[in-house]
There are 2 protein chains.
Amino acid sequence: MNTYTVSKLLTSEQFGQEVEIKGWVRTFRANRFIALNDGSTLNNIQCVVDFENTAEETLKRITTGAAVHIKGELVESQGKGQNVEIVVSSIEILGDSDPESYPIQPKKHSFEFLRENAHLRTRTNTFSAVMRLRSTLSFAIHKYFNDNGFYYMHTPIITGSDAEGAGEMFRITSLDAKNPPLNEAGEVDFKEDFFGKETNLTVSGQLEAETYAMSLGKVYTFGPTFRAENSNTSRHLSEFWMIEPEVAFMDLAGNMDLAEDFMKFVLKYVLDNNREDLEFLEKRLLDEEKTKPQAERSEMSLIEKLNFVIDNNFKRVSYTEAIDILKNSKPNKKKKFKYIIEEWGADLQSEHERFLVEKHFKCPVILFDYPANIKAFYMRLNEDGKTVRAMDILFPGIGEIVGGSQREERLEVLKEKMQALNIPEEELWWYLDLRKYGTAVHSGFGLGFERLVMFATGMTNIRDVIPFPRTPHNAEF
Amino acid sequence: MNTYTVSKLLTSEQFGQEVEIKGWVRTFRANRFIALNDGSTLNNIQCVVDFENTAEETLKRITTGAAVHIKGELVESQGKGQNVEIVVSSIEILGDSDPESYPIQPKKHSFEFLRENAHLRTRTNTFSAVMRLRSTLSFAIHKYFNDNGFYYMHTPIITGSDAEGAGEMFRITSLDAKNPPLNEAGEVDFKEDFFGKETNLTVSGQLEAETYAMSLGKVYTFGPTFRAENSNTSRHLSEFWMIEPEVAFMDLAGNMDLAEDFMKFVLKYVLDNNREDLEFLEKRLLDEEKTKPQAERSEMSLIEKLNFVIDNNFKRVSYTEAIDILKNSKPNKKKKFKYIIEEWGADLQSEHERFLVEKHFKCPVILFDYPANIKAFYMRLNEDGKTVRAMDILFPGIGEIVGGSQREERLEVLKEKMQALNIPEEELWWYLDLRKYGTAVHSGFGLGFERLVMFATGMTNIRDVIPFPRTPHNAEF
């Protein structure tokens with residue numbers, strides 16, 4: 001293994017030490033200064049080549065993207081912007097990079113171009129910072145739950161149930177695509193398929209997570225989920241990762257406490273651990289915003305936005321109260337909202353959510369007790385008979401980021417709800433069993449991981465926060 | 001949230017304290033002693049009911065599986081086997097569990113029966129221990145890589161490439177199952193499908209992980225992978241989780257160092273953190289083995305097996321040397337092996353691998369430099385032109401648990417190999433790009449997560465170490 005990393009060398013003060021480093025050339029200027037990166041940090045280490053004593057042939061091969069093996073002495077840097085640099089005593093070219101054809105030149109590339117080169121885009125500062133942050137966020141999530149007594153659970157990706165109800169599903173099959181076997185009724189005979197029935201890609205692990213919460217107490221999932229919806233927007237992916245904690249004996253208030261504590265922990269964790277990446281992305285965002293008219297610029301910088309979440313109590317507001325606020329709000333009265341709020345029962349849009357967070361309350365907001373008919377079948381019906389114990393957490397710039405609920409734990413009420421929605425009991429016999437045997441209050445929430453990465457990195461297109469995005473008509477790499 | 005957990009109460013010494021706990025009744029004996037479990041630990045807390053002052057109606061409802069809310073005083077236990085117990089002052093039944101129909105009775109159930117009730121099986125000691133260990137192993141994996149400067153990477157589940165070559169794939173589609181659109185040639189027109197081409201479920205994230213290793217340096221995946229093979233064995237799943245680290249500038253020797261260090265770390269971690277679960281499973285295994293003839297019993301107990309891995313250096317042996325040893329071994333000469341080793345080039349079976357580990361070397365073994373033609377196309381060809389820099393790690397009782405290699409980093413050699421195997425370059429243009437621009441030595445390995453969980457828990461059927469197993473003709477829950 002590589003003994004040294006750029007990250008370690010940059011914080012070393014062992015001047016005079018002989019060191020060895022392998023990495024990729026980011027830039028080579030004045031035939032002398034290599035900016036070398038190995039992915040361990042955003043920053044490059046400067047390697048100073050003695051061009052007078054280096055073969056011309058070698059110098060020519062020191063090009064952007066080339067992999068090199070450098071030996072030299074670690075010295076205090078004379079230049080500004082870095083503390084240490086390497087005075088190169090030997091350089092070996094491990095892998096060339098033809099400057100004529102190498103796509104990642106040391107200049108600004110459009111994100112669209114980089115998406116087409118998603119296999120190389122982490123060779124840029126922006127995408128390496130984004131993906132390091134994504135990794136840190138993942139670890140923070142596992143650490144939070146592990147430290148708090150939750151068990152990580154892998155819910156199935158292939159599901160035989162189509163009752164999850166969260167969206168359109170992809171079919172998984174091993175049948176002949178052109179001539180599938182038919183049954184006597186002339187329909188495709190899924191009994192002949194691999195799993196002996198029709199199967200799909202999961203849209204949520206929640207229902208399965210509930211089975212484990214009702215025995216292990218506190219569990220969470222963190223896995224891929226899928227939507228076969230033809231949404232070609234900057235906020236939708238066909239394949240994305242989701243975090244879904246589920247806790248027995250926890251009511252909706254506990255669920256809010258958990259979600260708030262969790263979100264603050266993970267964002268604090270990246271602030272503490274990825275400061276350089278965040279500062280780089282913050283600066284990138286500021287530069288980008290300079291090209292926009294003043295009115296469209298964010299009021300907060302990236303790090304301010306993270307601190308806004310960490311430092312503020314999340315304001316808890318009922319849906320009914322929120323509707324009142326929105327109905328009487330200036331943008332509603334002046335018809336500035338695209339969707340005017342006219343009455344109780346309306347589904348809130350991102351513009352309304354952002355108004356509540358950014359203009360009205362000026363802090364993250366948790367809305368709760370939503371109308372039953374705009375929420376999922378498994379949510380706990382309130383005593384009023386028309387609202388359910390649902391909650392959505394709203395963040396600045398993004399609107400809804402977390403959705404959760406207390407679950408309906410009463411067998412008869414759940415059965416009625418399923419009947420009303422034509423969900424057959426046979427489909428979810430095991431889910432109903434949880435209400436038959438030792439049922440109890442329980443709650444959980446779902447967090448779309450890529451939404452969180454967007455929030456923490458300031459990236460505005462969801463395709464830029466996952467390594468190889470899957471969207472309608474796109475499954476490259 | 002629940003203020004107390006059984007786990008915390010059992011290690012508390014605050015005798016005389018008023019406590020509150022919610023959980024499920026495991027047993028209720030003598031109308032007096034509730035063994036209460038909440039999933040936070042294998043162990044139950046004993047709750048002593050004052051049956052003379054408790055309504056008959058309530059006592060009747062304290063049945064196995066019922067959810068209860070207990071208040072009482074924490075006292076030093078008089079009975080053996082526990083330090084503390086709760087003298088119940090009030091008990092509320094949260095959810096009944098009808099003893100006539102509840103499937104999980106306080107008796108021994110067959111694993112087959114419990115598989116059919118996979119939604120309830122973590123209510124048993126065995127499965128709660130297995131799933132807690134699974135969770136701890138997951139965390140240990142993330143912790144190891146995070147602590148060692150690796151970035152976690154989510155490689156795509158839906159893949160448009162069928163060149164991964166690790167096995168048969170499931171097709172993912174949104175086309176009409178019965179009447180798919182056809183193109184002019186009369187074939188199914190996958191251009192009309194959701195992604196505009198034929199797509200499958202991934203069999204490995206390695207090739208994509210290589211793209212990130214060649215920019216971020218050290219990365220790993222931990223995600224679901226799939227095989228559409230009709231293998232109905234105790235060692236195969238159609239959906240399983242895999243860990244795949246990939247490291248730039250690391251050769252095969254470094255790969256062995258990494259894998260050995262990693263395996264020791266994660267097994268040590270569960271020994272340190274899940275001792276009670278391991279001791280329970282060890283005892284379970286001993287009891288089970290008593291029913292077997294002496295010759296079929298393991299030589300090592302579960303914890304001995306874990307220590308065998310942690311305490312021994314992994315012996316590194318070339319494939320060629322291993323074949324010599326096997327050819328001249330007693331079981332080969334006496335034809336005790338099911339597959340007799342006759343010549344160099346043979347693919348090793350589990351019986352051979354176990355012989356090397358358990359009888360010959362008596363330590364974990366890393367075999368390396370395998371014949372090229374029994375290994376994957378992307379493995380680095382040795383100078384001899386007939387072996388590749390592959391490695392397999394062999395464990396007692398299980399045989400191969402890790403498979404890895406140094407990757408072919410030379411563009412021309414890789415192209416030749418792909419050509420020989422009819423893998424079109426257009427399919428893997430992005431993979432070839434890694435060899436065109438800044439190529440370097442790099443290596444990685446794959447570890448089937450469920451194999452690791454089997455090893456660490458002593459469970460012998462892979463369906464018993466994943467929450468909801470997917471196998472041919474089975475996608476329940």
Side-chain angles (χ1 to χ4, degrees), chain A residues 1-2 22 24 38-40 65-67 94-95 97 102 119 122-123 132 135 138-139 142 146 149 151-154 156-158 160 170-174 177-178 180 188 194-196 199 208 211-212 215-217 224 228 239 241 249-250 254 430 433 437-440 467-468 470 473 475 477, chain B residues 1-2 22 24 38-40 65-67 94-95 97 102 119 122-123 132 135 138-139 142 146 149 151-154 156-158 160 170-174 177-178 180 188 194-196 199 208 211-212 215-217 224 228 239 241 249-250 254 430 433 437-440 467-468 470 473 475 477:
Chain A
M1 260 212 285
N2 203 0
K22 293 173 183 171
W24 295 275
D38 66 355
S40 63
L94 301 172
S97 175
Y102 186 49
H119 62 309
T122 39
R123 300 178 180 203
R132 270 192 297 270
S135 175
S138 298
F139 186 72
H142 286 299
N146 185 71
Y151 304 114
Y152 181 32
M153 172 191 184
H154 294 111
I157 312 304
I158 298 171
F170 290 104
R171 196 168 69 250
I172 300 164
T173 182
S174 293
K178 189 177 168 189
V188 173
F194 191 90
F195 293 107
T199 49
E208 287 91 354
T211 69
Y212 270 40
S215 50
L216 298 176
E239 171 183 317
W241 287 67
F249 309 119
M250 184 175 78
W430 50 272
D433 265 7
Y437 305 117
T439 191
F468 298 100
R470 269 67 183 110
H473 288 273
F477 309 103
Chain B
M1 261 213 284
N2 203 0
K22 291 172 184 173
W24 293 274
D38 67 355
S40 63
L94 301 172
S97 175
Y102 187 48
H119 62 310
T122 38
R123 299 179 180 202
R132 269 190 297 269
S135 174
S138 298
F139 186 72
H142 286 299
N146 185 71
Y151 303 114
Y152 180 34
M153 173 192 182
H154 294 112
I157 312 301
I158 297 172
F170 290 104
R171 194 167 72 252
I172 300 165
T173 181
S174 294
K178 191 178 166 187
V188 173
F194 190 92
F195 293 107
T199 50
E208 286 91 353
T211 68
Y212 270 40
S215 50
L216 298 176
E239 171 182 318
W241 286 67
F249 309 118
M250 184 175 78
W430 50 274
D433 264 7
Y437 307 116
T439 191
F468 298 100
R470 269 68 181 108
H473 287 273
F477 308 104

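Note on naming: letters A, B, ... go to the chains in the order of the sequence lines (proteins, then strands), and numbering restarts at 1 for each one.
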Using non-hydrogen atoms and a 4.5 Å limit, figure out which bit of [X] sits close to chain A: side chain, backbone, both or neither.
{"X": "Thr122(B)", "answer": "both"}
{"X": "Pro224(B)", "answer": "side chain"}
{"X": "Phe170(B)", "answer": "both"}
{"X": "Pro180(B)", "answer": "side chain"}
{"X": "Trp241(B)", "answer": "side chain"}
{"X": "Ala66(B)", "answer": "backbone"}

side-chain hydrogen bond (donor to acceptor under 3.5 Å, both in side chains) filter on Arg470(B), not counting sequence neighbours, yields none
Value rounded to 0.5 Å, distance of CD in Glu239(B) from NE2 in His154(A): 10.5 Å
Gap between atom NZ of Lys22(A) and atom CZ of Phe249(B) - 0.5 Å precision: 7.5 Å
Output the option from [options] having the highest count of non-hydrogen pairs under 4.5 Å with chain B.
{"options": "Ile158(A), Leu94(A), Ile172(A)", "result": "Ile158(A)"}
{"options": "Ser215(A), Gly65(A), Gly217(A), Gly160(A)", "result": "Ser215(A)"}
{"options": "Ser138(A), Ser97(A), Gly196(A)", "result": "Ser97(A)"}

Closest heavy-atom contact between Ala177(B) and Arg171(A)? CA-NH2, 3.2 Å
What are the two closest non-hydrogen atoms of Trp24(A) and Gly438(B), and how far apart are they? NE1-O, 3.0 Å
Quick one: does Pro156(B)'s side chain get under 4.5 Å of Phe477(A)'s, heavy atoms only? no
Between Phe468(B) and Glu208(A), is any pair of side-chain heavy atoms under 4.5 Å apart? yes
Please rank Thr173(B), Thr199(B), Val188(B) by heavy-atom pairs under 4.5 Å with chain A and give me the top one. Thr173(B)
Listed by chain and number, what are the side-chain contact (heavy atoms from CB on, under 4.5 Å) partners of Ser135(A), not counting sequence neighbours? Tyr151(B), Tyr152(B)
Parallel, tilted or perpendicular for Tyr437(B) and Tyr102(A), by the 30°/60° rule? tilted
